Amino acid sequence: MLGIFSSSIMSPPDELVAAGSRTPSPKTTSAALLNRFVQTNSSAVSLQLGDHVQLAYTHETESVLCPRSFAVKDDIFCLFEGVLDNLGSLRQQYGLAKSANEVILVIEAYKALRDRAPYPPSHVVGHLSGSFAFIVFDKSTSTLFVASDRNGKVPLYWGITADGYVAFSDNADLLKGACGKSLASFPQGCFLSTAVGELRCYQNPKNKITAVPANEEEIWGATFKVEGPAALAATR
């Protein structure tokens, strides 16, 4: 899956900007990144939402244990990869039909967060149990919401393209070709909400997240880690 967002939706992470400047490396534009995704996946589906958002996904190369899915409802777009172990109980909690799958559940959970403010974002993601990573974009409010499971079972990466767009994908090699050293693993057990304005750990939302600059020989520009004794550190 792939989500690409301009700076009008999300400001590029300072740490990844610095990493790209510290160790210059080849990059491509957001349009070239999307084209590469579509061209290398014959079954790829892509969407362009104005000039600022591009979404794409494919069922090629997906794991049977971690399928990918996409849905849109009430101008809320969601890319989801993985499986929720507690989907049944969550359907009941949100009043959904038994046919509702993970991607529909995440959209409804996001709507609850948006419409019942100040419902804490950490509570929404914290109720999810399983292997997952997802990207939610609310077109009505231009809000981006991204999260990864506690143990990083579904890998998620983010980086900055040559034209300053922030890209998220489960494919590190895809982003490496477009983002160069401005690339990192999205920290497990964390969420990013542009409504909140920062990256946070949903189990320990008050714990600070820091970015450790990578060594020159590593493909990552930085490694994001959650501070504190009970924190879950990001994997490389």
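Predicted, not measured: the structure shown is a model, and the values here were computed from it. Both backbone and side-chain heavy atoms feed into the values below; hydrogens, waters and symmetry mates do not.
Take Ser169 and apply the side-chain hydrogen bond (donor to acceptor under 3.5 Å, both in side chains) test, not counting sequence neighbours, and it matches no residue. Under the side-chain hydrogen bond (donor to acceptor under 3.5 Å, both in side chains) criterion, Ser182 pairs with Lys27, sequence neighbours left out. Legend: residues meeting side-chain hydrogen bond (donor to acceptor under 3.5 Å, both in side chains) with Ser131, ordered by chain and number and at least two apart, are absent. With sequence neighbours excluded, no residue satisfies side chain to side chain contact (heavy atoms under 4.5 Å, CB included) with Ser11. With sequence neighbours left out, the salt bridge (Lys or Arg N to Asp or Glu O under 4.0 Å) criterion links Arg68 to Glu81, Asp170. For Asn35, the side chain to side chain contact (heavy atoms under 4.5 Å, CB included) partners at least two apart in sequence or on another chain are Gln39. Partners of Asp138 under the salt bridge (Lys or Arg N to Asp or Glu O under 4.0 Å) rule, at least two apart in sequence or in another chain, are Arg114. When the side-chain hydrogen bond (donor to acceptor under 3.5 Å, both in side chains) test is applied to Thr28, no partner is found at least two apart in sequence or on another chain. Applying the side chain to side chain contact (heavy atoms under 4.5 Å, CB included) test to Pro12 and every residue at least two apart in sequence or in another chain returns Ser7, Val17, Ile160, Val166.
Taken from CZ in Arg150 to CG in Leu128, the straight-line distance is 8.0 Å, to the nearest 0.5 Å. With rounding to the nearest 0.5 Å, the separation of CG in Asn207 from CD in Glu227 is 8.0 Å. Annotation: the span from Thr223 atom OG1 to Glu15 atom CD amounts to 11.5 Å, rounded to 0.5 Å. From Leu183, atom CG reaches atom OH of Tyr157 across 9.0 Å, with rounding to the nearest 0.5 Å.
Taking the six-membered ring for Trp and thresholds of 30 and 60 degrees, Phe5 and Phe137 have ring planes inclined between 30 and 60 degrees apart. Between Phe134 and Phe132, the ring planes are parallel. Angles under 30° get that label, and only those over 60° would be called perpendicular.
For the pair Glu60 (side chain) and Ser43 (backbone), a donor-acceptor distance under 3.5 Å is present. Side chain of Arg200 to main chain of Ser122: no donor-acceptor pair is present (N/O by atom type, distance under 3.5 Å, no hydrogens or angles).
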Atom pairs and distances, donor-acceptor, side-chain atoms in residues 44-55, under 3.5 Å, two or more places apart:
unit_1, atom_1, unit_2, atom_2, d
Gln48, NE2, Gly50, O, 3.0
His52, ND1, Ser6, OG, 2.9
His52, ND1, Ser8, OG, 2.9

Distance-only donor-acceptor hits, side chain of residues 73-80, under 3.5 Å, sequence neighbours excluded:
unit_1, atom_1, unit_2, atom_2, d
Lys73, NZ, Glu108, OE2, 2.6
Asp74, OD2, Lys111, NZ, 2.8

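Between Ile209 and Cys201 the shortest heavy-atom distance is CD1-N, 3.7 Å.
The ring-ring contact (aromatic ring centres under 6.0 Å, His included) analysis of residues 166-185, with sequence neighbours excluded, yields the pairs Trp158-Phe168.
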